[in-house]
Amino acid sequence: MSFLLGIDEAGRGAVIGPLVIAGILISEENENKLKKLGIKDSKKLSPEKRDKLFEKIRNLSEDFIILKISAKQIDNEMETKSLNEIEIKRIGQIIDSFWLKKPKIYLDAVEANTEKFKNKVLEKLKNKDENIVAENEADNKYVVVGGASILAKVTRDREIEKLHSKYGFFGSLPYQERILIENRKGDRKLEQIGKVVENKEKGNLYTYSIDPNSLKIKKYKITNFIKHTSQPIYEIKLNYGKKVRLTLNHPIFKLNSNLNLMPIKISDLKVGDYIAAAKYIDIRKGIKNLNLAKIVPSSKKSPVYLSGKIISKIFRGEGFKKIQQLSISQGYSRVRSYEWERKSYIPLHIVTSLKRDYLKERFINDAILYSRGRKSSIKAILGLNKEFTWLLGLYLAEGYTKGYNVCISNTDHKVLNEIEYTCKNLNTSYRFDKDGIEINSGILCKLFNKWVGNSAYKKRIPNFIFSCSKEQIKNFIRGYLDGDGYMDENNWEVETRSKYIFYDLSWLYLFLNKPTSSFKQSRGRHVIRELSQNTNSLSPDNIPSIIGKTIKKLRLKYKISQRKLAELTCIDHGITSRIENQKSGSIRKSTIRKIIKIFDGKDTKKINKLLNSDICWYTLKSIKNLRRKEFVYDLEVKPNGKNIENFVGGFSGILLHNSGYPSDERTIEFLEKLDKESYNEIVRLKWVTSKNILENKKQKKLEEF
């Protein structure tokens with residue numbers, strides 16, 4: 001009988017309670033029974049569902065092991081080991097316990113380099129020949145790891161419940177709330193914060209935050225990933241359709257009377273307050289091309305072929321017999337490899353099965369990809385020029401695939417001419433019909449389906465667009481507007497049935513320094529509208545009226561009467577009076593600039609910083625208790641000891657505060673009141689959170705940094 005062993009953990013990053021590592025051994029016969037239970041990553045199941053599955057998984061398993069490592073044990077071992085080493089040691093113990101069964105082992109890797117992680121595990125084993133598969137997010141891919149994930153999670157939750165009953169309750173953003181992140185390579189994407197925190201790749205991720213000195217949004221390294229216990233979730237809605245979900249005690253930002261950004265919990269907000277959000281995210285660089293050979297799907301049933309000088313290098317480097325054996329193992333006839341060598345092409349999925357990575361950009365610069373007998377070809381390295389990004393945006397609006405054709409439903413001659421020009425640049429054939437144009441390219445069909453989708457309700461903006469330059473994004477949006485956009489009161493407006501496009505497009509506009517308004521219509525339609533900047537009293541680019549206090553102080557300092565101020569600035573006296581008395585909700589930047597011209601530059605430094613900031617201001621419309629509890633997540637942004645401690649998230653980049661401490665006051669109160677003996681038993685003293693509390697470090701306001 002053959003066996004499978006899955007191993008996963010729970011509580012890796014928590015400040016309170018044990019780290020739990022579970023391993024389950026099942027027969028291959030029971031794998032399908034486990035699948036039928038609906039096993040998946042424990043984080044994606046409700047606590048009730050996990051509890052129900054716990055006993056069923058144990059009953060289906062041949063055997064299981066659950067190891068609990070207490071907070072005190074973790075602290076002691078971290079004197080000489082890293083957390084990864086502590087976990088790898090326990091993983092080795094579990095594997096050695098089952099080595100007589102000779103199972104195939106599946107591990108949820110705790111390091112980004114899965115091969116290196118696998119070798120570290122092998123070093124700890126008695127039997128070095130174990131059959132191990134180590135992958136990131138293995139709990140999503142392999143049901144046996146998902147089962148281990150549930151055993152570990154339920155066990156830890158029960159341990160935390162015991163602590164609740166003994167010590168009382170202790171405790172941001174819910175899992176699905178999205179934030180903008182960037183990796184070392186410069187690839188940007190919107191990602192769920194829960195996935196970012198739970199992800200094992202925690203080494204070199206960056207987020208976008210407001211610099212407290214310049215009030216410019218910049219890229220900063222994430223220095224800690226924080227997970228809190230289940231807490232009630234609230235949704236705050238701002239004007240122009242902006243919103244974010246968080247806990248009652250998670251701070252966002254207002255402007256105080258000293259013109260500093262002030263973090264304030266949503267429990268202390270009131271309707272009408274002005275909330276800080278991103279107006280502009282300055283992205284410096286963008287990707288120049290795409291390596292399609294690593295992106296386009298290829299299989300025996302629907303192959304894509306690679307052609308060029310690289311083919312002879314592959315056959316020479318690997319050897320004909322090896323490629324022939326590989327092709328036979330994948331269902332090809334013995335003679336097919338002779339044809340590939342003679343005609344100098346090879347299926348992509350054969351190349352990707354080879355040990356050496358022949359698809360690196362430097363190897364395939366001159367290579368061509370094609371499908372269906374060379375009738376449809378495209379360069380393996382595709383330049384992201386303005387024509388292609390525009391075409392992709394147009395497809396997002398009005399495109400669909402049919403067979404091997406990309407179809408665009410548009411009869412505007414100007415648009416059709418631009419499509420024709422783009423097709424010629426791509427060396428791709430096309431034909432016009434009564435509804436628009438059909439582009440004859442099986443490869444583009446595969447790519448557009450993978451990137452965008454083929455359903456109006458499920459289409460989404462490709463992830464790589466977020467890694468593009470401002471100019472590329474501008475062309476992408478221009479293509480989308482040429483398809484679905486229309487002018488309304490001199491502003492572009494676009495309507496979509498896809499909630500994914502609705503969300504992502506509002507973020508892309510932030511890269512172009514264009515505020516937007518968003519709202520839902522009936523029948524599942526979503527509308528996004530570009531807003532003209534600083535054209536009316538409701539513009540989010542205005543400054544909250546609290547600035548009137550500072551203007552009044554300046555006027556009194558320079559001994560200027562209100563009437564004289566109106567005369568010097570050519571602004572109506574009634575308007576200057578309303579500004580000083582804060583009778584308006586917000587004040588136009590153009591009006592403020594006229595006023596501060598008459599004062600000394602040193603005295604207006606803070607005002608100028610606000611006027612030139614990357615912040616805009618939205619008014620609070622409502623705070624709603626969503627009547628549900630979820631695990632919540634936070635980020636610490638403290639690169640090189642510099643206290644940034646904020647990041648943009650939610651719908652359209654609302655500015656969110658984080659200090660690296662638990663955001664729930666009950667958690668802080670619990671940790672501060674806990675006696676020393678108990679603290680050593682249940683709290684991980686090596687963690688930043690507990691260190692800060694033990695050292696009596698108070699949470700600072702942004703202006704105090």
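Both backbone and side-chain heavy atoms feed into the values below; hydrogens, waters and symmetry mates do not.
- In this structure, OG in Ser70 is found 9.5 Å from CZ in Arg684, a value given to the nearest 0.5 Å.
- Atom CD1 of Ile193 and atom CG of Asp634 lie 6.0 Å apart (nearest 0.5 Å).
- Heavy atoms only, all atoms of each residue included: Leu19 and Ala10 are closest at CD1-O, 3.5 Å.
- When all heavy atoms of Ala22 and Ile94 are compared, the closest pair comes out as C-CD1, 4.3 Å.
- Side-chain contact annotation: Tyr633 with Glu177, donor-acceptor N/O pair under 3.5 Å absent.
- A 4.5 Å side-chain heavy-atom check between Val406 and Cys445 finds at least one atom pair inside the cut-off.
- Of the possible donor and acceptor atoms, none in the side chain of Glu135 sits under 3.5 Å from a partner among the backbone N and O of Thr114.
- Screening Tyr395, Tyr404, Tyr400 for a ring pair (Phe, Tyr, Trp, His ring centres under 6.0 Å) with Phe448, the sole residue that qualifies is Tyr395.
- Using a distance-only test at 3.5 Å, with no hydrogens or angles considered, a donor-acceptor pair links the side chain of Asn30 to the main chain of Leu60.
- Using a cut-off of 4.0 Å between Lys/Arg side-chain N and Asp/Glu carboxylate O, Asp357 and Lys294 are scored as salt-bridged.
- A distance of 7.0 Å separates CG of Leu205 from CG of Asn183, quoted to the nearest 0.5 Å.
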For Arg356 and Phe363, what are the C-alpha separation, side-chain angles and deciding distance, and is it a side-chain contact (heavy atoms from CB on, under 4.5 Å)?
-> CA-CA 12 Å; Arg356 189 174 176 189; Phe363 294 150; 3.8 Å; yes
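- Partner Asn84 forms a side chain to side chain donor-acceptor pair (under 3.5 Å) with one of Lys120, Arg12, Lys89 and no other, that one being Arg12.
- Under a 3.5 Å cut-off, the side chain of Ser467 and the backbone N or O of Arg188 do form a donor-acceptor pair.
- Annotation: side chain of Phe3 is in contact with side chain of Ser27 (closest heavy-atom distance under 4.5 Å).
- In this structure the side chain of Leu447 never reaches within 4.5 angstrom of the side chain of Leu290, judged on heavy atoms.
- Heavy-atom contacts from other residues, nucleotides or ligands closer than 6.0 Å to CD of Glu55 number more than 12.
- A donor atom on one side chain and an acceptor atom on the other are found under 3.5 Å apart for Glu636 and Thr223.
- Side chains of Pro303 and Leu348 form no contact here, defined as non-hydrogen atoms less than 4.5 Å apart.
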For side-chain contact (heavy atoms from CB on, under 4.5 Å), just list the numbers for Glu77 and Glu85, CA-CA rounded to whole Å, side-chain angles, deciding distance to a tenth of an Å, and then say yes or no.
-> CA-CA 9 Å; Glu77 291 190 38; Glu85 290 170 332; over 6 Å; no
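- With respect to Glu111 and Lys116, no salt bridge is recorded, no charged nitrogen being found less than 4.0 Å from a carboxylate O.
- With salt bridges taken as basic N to acidic carboxylate O contacts below 4.0 Å, none links Lys101 and Asp63.
- A salt bridge is absent between Glu159 and Arg156; no separation between the charged side-chain nitrogens and carboxylate oxygens falls under 4.0 Å.
- Of all heavy-atom pairs spanning Trp340 and Ile350, the tightest one is CH2-CG1, 3.9 Å.
- Side-chain atoms of Thr155 come within 3.5 Å of backbone atoms of Leu151 as a donor-acceptor pair (strictly under, hydrogens ignored).
- Looking at Leu306 and Leu369, their side chains come closer than 4.5 Å, going by heavy atoms from C-beta outward.
- Relative to the six-membered ring of Tyr332, Lys300 meets both conditions, a distance below 6.0 Å and an angle of at most 45° to the axis.
- For NZ of Lys520, the number of neighbouring non-hydrogen atoms (other residues, nucleotides, ligands) closer than 6.0 Å is 12 at most.
- One finds the NZ atom of Lys221 at 14.0 Å from the OG1 atom of Thr207 (value rounded to the nearest 0.5 Å).
- A side-chain donor-acceptor contact under 3.5 Å links Lys450 to the backbone of Ile295.
- Only one option out of Lys185, Arg184, Lys189 pairs with Asp187 in a side-chain contact (heavy atoms from CB on, under 4.5 Å); it is Lys185.
- In terms of heavy atoms, Ala134 sits closest to Phe117 at CB-CD2, 3.8 Å.
- Enclosure of atom CZ in Arg628 by more than 12 non-hydrogen atoms of other residues, nucleotides or ligands within 6.0 angstrom is indicated.
- Residues Arg460 and Leu396 come closest through the heavy atom pair O-CD1, 3.5 Å.
- Considering only heavy atoms from C-beta on, Ile461 stays 4.5 Å or farther from Tyr500 through its side chain.
- Inter-residue side-chain proximity for Phe98 and Ile105 is flagged as unmet; no heavy-atom pair is nearer than 4.5 Å.
- In the model, Lys446 has a side-chain atom that pairs as donor or acceptor with a side-chain atom of Ser302 under 3.5 Å.
- Between Val144 and Glu31, every side-chain heavy-atom pair lies at or beyond the 4.5 Å cut-off.
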Should Asn291 and Ile381 be marked as a side-chain contact (heavy atoms from CB on, under 4.5 Å) after you check the CA-CA gap, both sets of side-chain angles, and the distance that decides it?
-> CA-CA 5 Å; Asn291 186 345; Ile381 306 300; 3.8 Å; yes
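- Checking side-chain atoms of Ser333 against main-chain N and O of Ile328 turns up no donor-acceptor pair under 3.5 Å.
- Between Arg90 and Ile21, the shortest heavy-atom distance links the atoms CB-CD1, 3.6 Å.
- Between the Arg50 side chain and the Ile150 main chain, no donor and acceptor come within less than 3.5 Å of each other.
- In this structure a side-chain-to-backbone donor-acceptor pair under 3.5 Å is present from Asp75 to Leu685.
- Remark: side-chain polar atoms of Asp139 are not paired, donor with acceptor, to backbone N or O of Val145 under 3.5 angstrom.
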side-chain contact (heavy atoms from CB on, under 4.5 Å) between Tyr358 and Ile364, intermediate numbers included = CA-CA 8 Å; Tyr358 289 100; Ile364 58 170; 6.0 Å; no
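- Here the straight-line distance linking atom NZ of Lys36 with atom NZ of Lys33 works out to 8.5 Å at 0.5 Å rounding.
- Ring geometry for Trp451 against Phe464 counts as perpendicular: the plane angle is over 60°, on a 0 to 90° scale with 30° as the lower cut.
- The main-chain N or O of Asp108 is never found under 3.5 Å from a side-chain atom of Asp8 such that the two would form a donor-acceptor pair.
- The pair Asp504-Lys459 does not count as a salt bridge, with every side-chain nitrogen at least 4.0 angstrom from each carboxylate oxygen.
- Ring geometry for Phe651 against Phe502 counts as tilted: the plane angle lies between 30° and 60°, on a 0 to 90° scale.
- In this structure, Leu292 CG and Ile378 CD1 are separated by 5.5 Å, a value rounded to the nearest 0.5 Å.
- A side-chain donor-acceptor contact under 3.5 Å links Tyr208 and Glu182.
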